[in-house]
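Keep in mind that the numbers below use all heavy atoms, side chains included, and drop hydrogens, waters and symmetry copies. Convention: sequence-line order gives letters A, B, ...; per-chain numbering from 1.
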Amino acid sequence: MPGSGRHERGRDEGEPGRMTPLLRAVIGLSTLVVLALAAVLFLPGRGAVHGQEAQEGAGQVQQLESGAQLYVQNCASCHGSNGEGGPNGPSLVGVGPANLDFQMWTGRMPLAAPNEPGYRQEPTLTEAQRNAITAYAVQNFAGPQPAIPQVASSGDLRLGWELYVNNCAACHGPSGAGGAIGAGNVAPPLNAVDAVRMAEATIVGPGTMPAFLFPPDQLAALTAYVTFLQTAPSPGGISLAGVGPVPEGFIAGILGLGGLVVVARWVGRRHPS
Amino acid sequence: MRRRRAPDALDRRPDPSPTPDPRSQGREEDEEPSELDRVVGWFDQRTGAATYARTALRKVFPDHWSFLLGEIALFSFIVLVATGTFLTFFYIPDARPTVYEGPYAPLSGQEVSAAFESVMRLSFEVRAGLVMRQVHHWAALVFVAVIVLHAARVFFTGAFRRPRELNWLIGFGLLFLALGEGVTGYSLPDDLLSGTGLRIMYSAVLGIPFVGPNLAYLIFGGEFPTEGLISRLFVFHVMLLPGLLIGGLATHLALTWLQKHTQFKGGRATERNVIGPSLWPVQVFKSVGLFFLTAALLAFLGGMFQINPVWSYGPFIPYVASVPAQPDYYVGWLEGALRLAPAFEPVIPIVNWRIPSTFIPGVLVPGLLFGLLMLWPFLEAKFTRDKREHHLLDWPWEAPVRTATGFAILAFFLIQTLAGGNDVLAVFFNMQVETLTLIFQITLVVLPVVTWVVAYRLCVERQRAAAHPEAEAPMGGVALRRSALGGFEEVEEA
């Protein structure tokens, strides 16, 4: 049931205007064309939104141009043509690149349909497209802060664990499996998010999640620990979704008790007299 | 029954093993006594065991698979004792803080309790430690489930009736001991999840009117969290409760032995006999096979499926919580009861005592239901005015009220158990927790009633069908009957 059963996972996320399927198909097609163009033209300019000095010259200009186009196609109907917001979406003035990048990277934006809450999914825009939109928005109204954070590739795991259990585990679970946090909100699983986006989430505080002010060493430790949870082998056999006794109980009941009943029926079949 | 040696074994010397082999007991007198005979004879002259063994080996076991459920519970318990003994070699029942310095990097250098540290060492450093821990945990989960299924078989077939009421009560005592073992064992690793569970238990005890605080202090040794709790739980888990369990089990089995087995109707079975193969050789081989198959299945679960990864929960820190937080499923009904109960705290007028909200769902209602089940043999005898001895079992449909009540109570506990995982199920079914909770709240009231009525009706229909087989015939109650001479005739519905 598309739409009906979706959780609202972020309240501050806006919605685009209504689009007919035809219009969406047109947009989809043109997006593909732009994607192809972008892939050819802007590959050297990918690092532009990572806070580094943008590449000089035509690359940057073209990225901004395509960003403007993509913004109009994907964002403007709700957020307004200058990011001023509207009845369907909040203002993007001054939200900063970290926010834009996070929302698009995690697939929450752009919405598939207006009035549909954003939720964690595979991003619908390519990296080049996302970067183009971010560059355009930052240039025109979104402002430079908060910037997309630089995250050290390694950190103190023990400190990361401590920060995680104190700040994150209450919603995302000790193993990062996510969980329900009431009122239809769901803390998404952290198994497929990269370090930069984790850091962005702590800075931005998307949806019901609060924003945190971790200094760089703590941020590095935290992202290192979550990356450890994602990648480190967890011994003991098949991990049952990392959500503890509920799936364990089902396994015990179905495989354990069920298996033993089968065994009992087999061993206890009537003795030929 | 005297057993003869197989002809091809006549001139072979028996294995001079010192173990008394029951096979040698019925040997022909005129043969040259073997080494084995001498050893067995030596014991027999001093204990007189042969007479008893001869009777015991001929004991008859009814032939139905459901009679093996109790045995499987016993075998799970044996696996629990074996793996648990291994675990005690490495476990340290001490809440004193120590620094973890093992191979699990995120906790290395972290201050944890000695208990948690030892469980980490058991899981990562002790050879086969993790698989032993996991087999132990899975065996505990399966143990309780098998006990419940065994009890359900006894209940629905009326096996608890006179003269077996006492054993029914002992069985319930064993179930409570098993639950106690589960809860104390679940808490021993002193990880974040089990600490949360203890916190809830502490609050539930605290919520018992009048005596709650004193009782909680008595059990926990002060205000939660207490330093002494882990060692107390350990003594309960490895000495007191298993001691009582073994004693209770022995009594349970001895009474079964003395009162003899019940059996299903049919064939040559009557109230005065027991029909089935004897202990030797059939039942012995069945039981030995069953033990190994049970152990194999538990080892399979322990080896294949991760359970309670304590490293991922980390040590218990009183001010930290994690989600989702559930107890093991066998106390899930209690968790569910607390999650479903409305915030209702009645104040007793005049004395002005407030009944805490945990008491009614967490103590009173389950107390009444367990009480009803335990007293069922006596209540049934009273209300049906049937105080005779019963050794032949009922089929469930032959006692509609009993069957309907049993299923209604099972439905109640099932809904509570599922509700204990409402947040996990909400994510799984892509629903709001609040919606699911409301559904469970309604189901908790409605489903047992519906179950009762449906089960009752089904039983009555089945009885009718059994009494008048023709009534089940199709085509408006017309049935064909074959006469003794081979002809066919139409039979109208009676």
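- Using modelled atom types, no side-chain atom of Glu248(A) and backbone atom of Ile307(B) make a donor-acceptor pair closer than 3.5 Å.
- Ranked by heavy-atom pairs under 4.5 Å with chain A, the list Leu293(B), Asn422(B), Thr437(B) is led by Leu293(B).
- When each of Phe67(B), Phe61(B), Phe305(B), Tyr329(B) is scored by its heavy-atom pairs under 4.5 Å with chain A, the top score falls to Phe305(B).
- For the pair Pro106(B) and Arg158(A), the minimum side-chain heavy-atom distance is 4.5 Å or more.
- Residue Ala321(B) touches chain A through its backbone alone, counting heavy-atom pairs closer than 4.5 Å.
- Listed here is the closest heavy atom pair of Ala264(A) and Ile72(B): CB-CD1, 3.8 Å.
- You'll find the side chain of Val267(A) stays beyond 4.5 Å of the side chain of Trp65(B), heavy atoms only.
- In this structure, the separation between CH2 on Trp161(A) and OG on Ser108(B) is 12.0 Å, given to the nearest 0.5 Å.
- Contact check for Leu130(B) versus Pro235(A): side-chain heavy atoms found under the 4.5 Å cut-off.
- Tyr313(B) and Gly244(A) get closest at one heavy-atom pair: OH-CA, 3.3 Å.
- Between Val243(A) and Pro324(B), the shortest heavy-atom distance links the atoms O-CG, 3.5 Å.
- Taken from CZ in Arg269(A) to CG in Asp63(B), the straight-line distance is 10.5 Å, to the nearest 0.5 Å.
- Shown here is Phe413(B), whose CZ atom has more than 12 heavy atoms of other residues, nucleotides or ligands within 6.0 Å.
- Interface remark: Phe250(A) contributes side-chain atoms only to the contact with chain B (heavy atom separation under 4.5 Å).
- A distance of 12.5 Å separates CG in Leu157(A) from CD in Gln110(B), rounded to the nearest 0.5 Å.
- To the nearest 0.5 Å, the span separating CD1 on Ile238(A) from CE on Met304(B) amounts to 4.0 Å.
- Note on Val320(B), Val144(B), Leu418(B), Thr417(B): by heavy-atom pairs under 4.5 Å with chain A, the leading option is Val320(B).
- Looking at heavy atoms from C-beta onward, Leu193(B) lies in side-chain contact with Pro245(A) at the 4.5 angstrom threshold.
- Comparing Gly173(A), Gly160(A), Gly179(A) by how many heavy-atom pairs each has under 4.5 Å with chain B, the most go to Gly173(A).
- Here the straight-line distance linking atom OG of Ser234(A) with atom OH of Tyr104(B) works out to 7.0 Å at 0.5 Å rounding.
- In this structure, the side chains of Asn166(A) and Tyr319(B) come closer than 4.5 Å at one or more pairs of heavy atoms.
- Closest of all the heavy-atom pairs between Gly256(A) and Leu297(B) is O-CD2, 3.4 Å.
- No other option in Ile251(A), Leu240(A), Ile181(A), Val263(A) has as many heavy-atom pairs under 4.5 Å with chain B as Ile251(A).
- For a residue to count as touching a neighbouring chain, one of its non-hydrogen atoms must lie under 4.5 Å from one of that chain's; by this rule Val146(B) touches chain A with backbone and side chain alike.
- Heavy atoms from other residues, nucleotides or ligands lying under 6.0 Å from CZ of Phe124(B) number more than 12.
- For chain B, the option among Ala252(A), Ala187(A), Gly249(A) with the highest count of heavy-atom pairs below 4.5 Å is Ala252(A).
- With respect to chain B, the highest number of heavy-atom pairs below 4.5 Å among Leu255(A), Asp156(A), Leu159(A), Leu229(A) belongs to Leu255(A).
- Put simply, the side chain of Gln134(B) gets close to the backbone of Gly236(A): a donor and an acceptor are under 3.5 Å apart.
- In plain terms, the two heavy atoms of Ser312(B) and Pro174(A) that are nearest each other are O-CB, 3.4 Å.
- Once rounded to the nearest 0.5 Å, the distance linking CG of Leu141(B) with CG of Leu257(A) reads 11.5 Å.
- Of all heavy-atom pairs between Val261(A) and Leu149(B), the closest is CG2-CD2, 3.5 Å.
- Contact tally against chain A (heavy-atom pairs below 4.5 Å) for Ser287(B), Ala145(B), Ala325(B), Gly109(B): the top residue is Ala145(B).
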